[in-house]
Amino acid sequence: MAKYRPILRIAGCGAAFLAVVFGEMRGASAEGLAGTLPEDQIPALRPILEQALRQSPQLIAAEFDRILAEIRVTSADAARLPGVGGNLNLATNQTAVSSNTSSQTRDSGFFYNISVNQPLFHWGALQNQSQSARLSRLVAERSLDRAARDVAVLVRKAYLALIVEKARLRAARDALRVLREELAVTAEKRERGLIAAGALEGDRLREREVKLEVGRLESEFEANRKRLIRLAGLSASLAEADVPDNIPAPRFSSDVAGMLAAMVLRDNARSTLEYEINNLRIRDAQLRISSEKVRLYPKFFAGAGLSLENSTNVNGNTVSQQGIQRRTVNVYAQWNIFDGFATRAAIREAQASKRTQERLQQAEIEGLIQNIQILERMLRDDAEQVELTGIRHGLAIEARKAAAREAEFGNVPRGELSRAGTAILQAESRSLEARAQFLGRWGEFVALTAGEPLLSKPTTRHASEPK
């Protein structure tokens, strides 16, 4: 054994080193995440998220599933507790020999029977049943965490999308205003005979098209506000004025994103909710296999009883009956020796269920890791897109300033100044769209890798193991 001690010391040092490294990575990633999520930059979003995590219809349904799973634990434990039963009756018993009915005996009064039955040894089947119920409860609790995480991701994206839609609607309304001003000028020129009728009709057609687009954007904006209200379970309405006009420029660190992705990849996503839920289901399937294997084994019980019952004795033509009190204490076994290969089929079914669950876990974890890697790459592209659209927005502002200077000297018409203002709004909506897309993906990336920040302790909030 002495020759293995250096190896054990090296292994222990390696484990300690990895723990320190992962601790430093988690600390660095937590520090890098501070202030980067949408609710950190848009304060109005945080109360909506907090209310969604309490009142979202999806979470209410998941909470009911968790409550049902908790109730089933009590039902599973009941099989391991003593069972008490009995009956009580008030009877008059009259008995006679058929060949001498004139000789009758009668016994009247209360009769009762009380029994207690306690399972003693079932080869671990009852313990497995209780543990399986506790695993199902843990699955329901983790599923509730995952539902909360998914709802928070959806609410963030939906809220950011509303800000973008409001910006588009603002730009479209401004474009309609400018077009109507130009239409008024065109109509005046037509009255003076300076332009052809076709030019006026063309401007009117464009005005109708833009008006239709504004109406469509208003309808979509209202419908999406109502969808967000339903998704988040909001009690109050969400008016257009309640939606912010701007999304602050996000902060992105590729090092923090790489660190978060590396933590998931290094342990093969063992720190994620998906892995934990599937692992609990695999353990549940293994318990079912163990229970099915002992189905044909003898089961042992202990019992006790107390009864007062009528007893009839016949001696020739004489019948006598009286109440007899019994007290019994016993240990007995029940043994189902052959059930037509039903146990064999149940074992094979349980084994197939476990293999299926293992394959589902592998497929889900592979998909999760791939999704995290894709999100990491897309975040870098989104960050570049945010910068480019910001530059375009700045150029549009400078173009309007240039148009304003030229309009002061009379070099360009005032209509150009209005169109330059519309171009600023359109560039702003594209910039907000890029920011919303980045922040939505960033919130999803953080939720998948580090857990939902608004949950107190994701994936460990219900850390008790079944016993």
Side-chain angles (χ1 to χ4, degrees), residues 67-137 284 286-350 464 466-467:
I67 294 173
L68 289 175
E70 189 171 350
I71 295 173
R72 293 189 184 104
V73 173
T74 304
S75 300
D77 289 341
R80 303 171 64 183
L81 300 176
V84 181
N87 59 74
L88 175 67
N89 61 83
L90 175 62
T92 297
N93 301 303
Q94 184 172 337
T95 307
V97 179
S98 60
S99 60
N100 186 15
T101 58
S102 61
S103 175
Q104 296 183 351
T105 182
R106 178 177 300 178
D107 186 22
S108 302
F110 282 100
F111 300 94
Y112 59 85
N113 181 14
I114 300 174
S115 62
V116 179
N117 186 40
Q118 171 65 55
L120 289 181
F121 183 65
H122 286 201
W123 309 94
L126 296 180
Q127 292 87 337
N128 291 340
Q129 179 178 326
S130 295
Q131 190 172 0
S132 176
R134 284 168 169 77
L135 289 174
S136 298
R137 182 189 63 188
D284 188 21
Q286 181 59 51
L287 288 175
R288 183 186 172 193
I289 294 174
S290 301
S291 298
E292 298 295 350
K293 285 183 177 179
V294 300
R295 181 192 286 192
L296 293 181
Y297 289 16
K299 310 299 190 300
F300 297 91
F301 300 83
L306 175 65
S307 65
L308 177 62
E309 56 191 33
N310 181 64
S311 176
T312 303
N313 296 313
V314 180
N315 186 9
N317 290 332
T318 304
V319 178
S320 64
Q321 57 180 341
Q322 58 184 338
I324 303 297
Q325 188 180 68
R326 298 178 187 272
R327 292 185 177 91
T328 59
V329 177
N330 60 352
V331 176
Y332 63 95
Q334 293 180 354
W335 194 354
N336 187 13
I337 298 175
F338 181 70
D339 60 0
F341 304 108
T343 298
R344 180 184 299 180
I347 293 173
R348 294 179 61 186
E349 180 184 355
S464 60
K467 298 179 181 179

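Here the CG atom belonging to Leu287 is positioned 11.0 Å from the CD atom belonging to Gln129, to the nearest 0.5 angstrom. Residue Ser130 holds its OG atom at 7.5 Å from CD of Gln127, rounded to the nearest 0.5 Å. Annotation: the span from Arg295 atom CZ to His122 atom NE2 amounts to 14.5 Å, rounded to 0.5 Å. Within the model, atoms OG1 of Thr343 and CG of Leu296 stand 3.5 Å from one another, a figure rounded to the nearest 0.5 Å. With rounding to the nearest 0.5 Å, the separation of CD1 in Ile71 from CZ in Arg137 is 12.5 Å.
Summarising the geometry of Lys293 relative to Ile347, their closest heavy-atom pair is CA-CD1, 3.7 Å, with the distance given to 0.1 Å. Ser136 approaches Ala69 most closely through the heavy-atom pair O-CB, 4.0 Å. When every heavy atom of Lys299 is checked against every heavy atom of Val294, the shortest pair comes out as NZ-O, 2.9 Å. Contact between Asn113 and Ser307 at its shortest, heavy atoms only, is OD1-CB, 3.6 Å. Taking each heavy atom of Gln118 and Pro82 in turn, the nearest pair found is OE1-CG, 2.8 Å.
Contact check for Gln286 versus Asn128: no side-chain heavy atoms found under the 4.5 Å cut-off. Between Arg288 and Glu349 the shortest side-chain heavy-atom distance falls below 4.5 Å.
Checked against ring-ring contact (aromatic ring centres under 6.0 Å, His included), Phe110 has no partners two or more places apart in sequence or in another chain. The salt bridge (charged side-chain N to carboxylate O under 4.0 Å, His left out) test applied to Arg326 returns Glu309, not counting sequence neighbours. Applying the side-chain hydrogen bond (donor to acceptor under 3.5 Å, both in side chains) test to Tyr297 and every residue at least two apart in sequence or in another chain returns nothing. A search for side-chain hydrogen bond (donor to acceptor under 3.5 Å, both in side chains) contacts involving Asn117 returns Tyr332, not counting sequence neighbours. With sequence neighbours excluded, the residues satisfying side-chain contact (heavy atoms from CB on, under 4.5 Å) with Ala91 are Asn89, Asn93, Phe111. In terms of the side-chain hydrogen bond (donor to acceptor under 3.5 Å, both in side chains) criterion, Gln334 has no residue partners (sequence neighbours excluded).
A distance-only check finds a donor-acceptor pair linking the side chain of Trp123 to the backbone of Pro298 [under 3.5 Å].
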